[in-house]
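Notes for the one structure printed next.
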Amino acid sequence: MNSSDLPGANVTPVCYSIKSPPFKYHPTVASIYYSSIFSTLGLSSNLIAFIVLLKSFRRTHNRSRSSFLIFLGGLVVTDFMGLLVTGLIVVSYYVTHFNWRELDPNCHFCNFMGMSMVFYGLCPLLLGAAMATERFIGINLPFARSASAPKRRTVSMVLMVWMTAGCIALLPLTGIGSYHIQIPGSWCFFNISSEGNDLAFSLLFSLVGLICITASFLLNTVSVVTLIKVCCGQDSAQRRRDHEVEMMVQLILIMTIASVCWCPLLIYILMSVVTAAPVSVEKILFGIRMATCNQIFDPWIYIVFQVSWLRRVKSNVKI
């Protein structure tokens with residue numbers, strides 16, 4: 001009996017069952033430079049942001065601000081690790097042009113990258129919704145907040161977000177959805193399809209992201225309206241809300257950047273699976289690149305605002 005006659009000898013692994021390298025699609029020089037430059041820029045930006053946040057956290061004595069900085073720290077760590085993991089794989093492919101079928105015959109490496117793409121993609125959106133919820137409670141229902149160990153509660157919320165995103169990323173390994181190599185062969189992602197379990201996971205990913213963005217928008221809108229009423233009311237002299245105004249401005253900018261960067265991809269995935277339209281490689285690549293920009297632009301919000309806040313603290317101390 002030949003080895004080819006053995007059961008399962010010629011079975012194509014799941015991640016190569018729809019698309020199999022090498023692809024006829026050839027990445028442009030711009031794509032190669034985009035991956036390397038943006039990965040380097042994003043990693044350095046998030047590293048600077050983490051240092052700035054750490055210094056700010058050590059100086060602050062406000063409970064609500066400490067909680068907010070913990071959320072920002074979780075967001076920075078998530079963005080940094082997302083760029084590090086996915087960026088290393090993509091840049092390594094462009095540099096070495098390794099053969100996926102030889103390097104990863106059983107799809108373990110592809111599944112890992114697909115899980116990373118989903119996990120590090122959903123985490124910023126879930127964290128944005130959690131931050132909006134925390135600020136909503138802090139501004140609109142201040143007496144409902146637990147006065148004891150707010151930092152521990154915030155850390156628990158960040159861990160819960162990571163756990164939720166991790167559970168969703170693991171679903172394709174249980175049969176709900178599937179990870180596949182994607183054109184031009186430098187990355188893996190879940191199969192965007194209007195059939196079977198791939199439909200269920202595509203809907204789950206896009207709806208979770210869009211619901212997080214929508215919830216952030218609604219909660220932040222209510223919080224801003226409440227904050228305006230408080231700051232412009234008769235008791236504005238007794239209730240200084242400078243730090244809360246600054247936190248809300250940062251949160252709104254974070255929400256706006258996330259919406260602009262993620263909505264094209266999320267809406268396109270949702271429309272593709274609902275209408276059963278053919279998936280465009282160019283549109284998916286554009287959506288992924290837009291989503292990557294979120295991890296690059298976010299840290300500069302923290303850097304600019306935290307540096308300005310630290311300077312203001314130092315000036316007040318001198319006075």
Side-chain angles (χ1 to χ4, degrees), residues 11-27 31-32 34-36 38-39 42 78-79 81-125 165-206 208-209 262 265-266 268-269 272-273 278-292 294-295:
V11 175
T12 301
V14 174
C15 65
Y16 307 119
S17 60
I18 298 177
K19 307 181 187 75
S20 183
F23 299 109
K24 294 181 179 180
Y25 182 96
H26 297 289
S31 300
I32 299 173
Y34 172 90
S35 301
S36 57
F38 270 57
S39 294
T78 302
D79 287 342
M81 291 303 301
L83 286 168
L84 180 64
V85 173
T86 58
L88 280 177
I89 297 174
V90 173
V91 173
S92 297
Y93 172 82
Y94 284 137
V95 173
T96 64
H97 296 284
F98 58 80
N99 189 314
W100 278 88
R101 295 296 295 264
E102 295 178 359
L103 179 68
D104 187 31
N106 297 316
C107 293
H108 299 315
F109 190 43
C110 185
N111 287 335
F112 170 74
M113 185 175 187
M115 290 168 54
S116 299
M117 294 286 288
V118 171
F119 175 80
Y120 292 115
L122 288 179
C123 274
L125 302 178
C167 290
I168 295 175
L170 287 171
L171 286 178
L173 301 186
T174 66
I176 303 176
S178 55
Y179 292 120
H180 291 264
I181 189 76
Q182 304 291 327
I183 297 174
S186 58
W187 60 299
C188 289
F189 200 49
F190 65 87
N191 184 41
I192 303 171
S193 173
S194 58
E195 298 180 0
N197 291 328
D198 287 332
L199 167 64
F201 190 78
S202 298
L203 286 174
L204 177 65
F205 180 83
S206 57
V208 168
W262 274 99
L265 178 64
L266 296 174
Y268 180 74
I269 292 175
S272 296
V273 298
V279 177
S280 170
V281 174
E282 288 75 15
K283 291 182 179 179
I284 290 296
L285 287 174
F286 173 78
I288 290 293
R289 288 167 182 166
M290 283 289 295
T292 304
N294 182 41
Q295 298 170 313

In short, Gln295 meets Tyr120 closest at the heavy-atom pair NE2-O, 3.9 Å

Can you list the steps and then say if Leu265 with Ile284 is a side-chain contact (heavy atoms from CB on, under 4.5 Å)?
CA-CA 7 Å; Leu265 178 64; Ile284 290 296; 4.2 Å; yes

Go through the steps for Met115 and Tyr179 under the test side-chain contact (heavy atoms from CB on, under 4.5 Å), then give the verdict.
CA-CA 8 Å; Met115 290 168 54; Tyr179 292 120; 3.5 Å; yes

Separation between CE (Met117) and OG1 (Thr86), nearest 0.5 Å, reads 6.0 Å

Quick one: pull up CH2 in Trp187 and OG in Ser116 and give me the separation to the nearest 0.5 Å.
13.5 Å

Whether over 12 other heavy atoms sit under 6.0 Å from Phe112 CZ
no

Minimum heavy-atom separation for Ser202 and Val273, please, with both atom names.
CB-CG1, 3.5 Å

Mind listing the closest non-hydrogen atom pair of Ser186 and Tyr94 along with its distance?
OG-OH, 3.6 Å

Scanning both residues in full, the closest heavy-atom pair of Phe190 with Gln182 reads O-NE2, 3.9 Å

When you measure from the side chain of Ser39 to the backbone N and O of Ser36, does any donor-acceptor pair fall under 3.5 Å?
no

For side-chain contact (heavy atoms from CB on, under 4.5 Å), just list the numbers for Ile181 and Phe189, CA-CA rounded to whole Å, side-chain angles, deciding distance to a tenth of an Å, and then say yes or no.
CA-CA 7 Å; Ile181 189 76; Phe189 200 49; over 6 Å; no

Asn99 side-chain N/O to Arg101 backbone N/O, donor-acceptor pair under 3.5 Å
yes

Enter the distance from Leu83:CG to Thr292:OG1 here, rounded to the nearest 0.5 Å.
7.0 Å

Please tell me if the side chains of Cys188 and Asn111 come closer than 4.5 Å, counting only heavy atoms from C-beta onward.
no

Kindly indicate, with the supporting measurements, whether the criterion side-chain contact (heavy atoms from CB on, under 4.5 Å) is fulfilled by Val118 and Phe201.
CA-CA 11 Å; Val118 171; Phe201 190 78; 4.2 Å; yes

Check the angle between the aromatic planes of His97 and Tyr93 and answer parallel, tilted or perpendicular using the 30° and 60° thresholds.
perpendicular

Ile89 and Phe98 have their tightest heavy-atom pair at O-CE2, 4.2 Å

Residue pair Ser178 / Asp198, side-chain donor-acceptor N/O under 3.5 Å:
yes

Distance in Å, Ile176 CD1 paired with Ile168 CD1, rounded so as to fall on 0.5 Å steps:
11.0 Å

Working to the nearest 0.5 angstrom, can you tell me the gap between Asn191 CG and Cys15 SG?
11.5 Å

To the nearest 0.5 Å, what is the distance between CD1 on Ile269 and CG on Leu203?
10.0 Å

Tyr16-Trp100 aromatic ring centre distance below 6.0 Å
no

Which atom pair, heavy atoms only, marks the closest approach of Ile183 to Leu285?
O-CD2, 3.8 Å

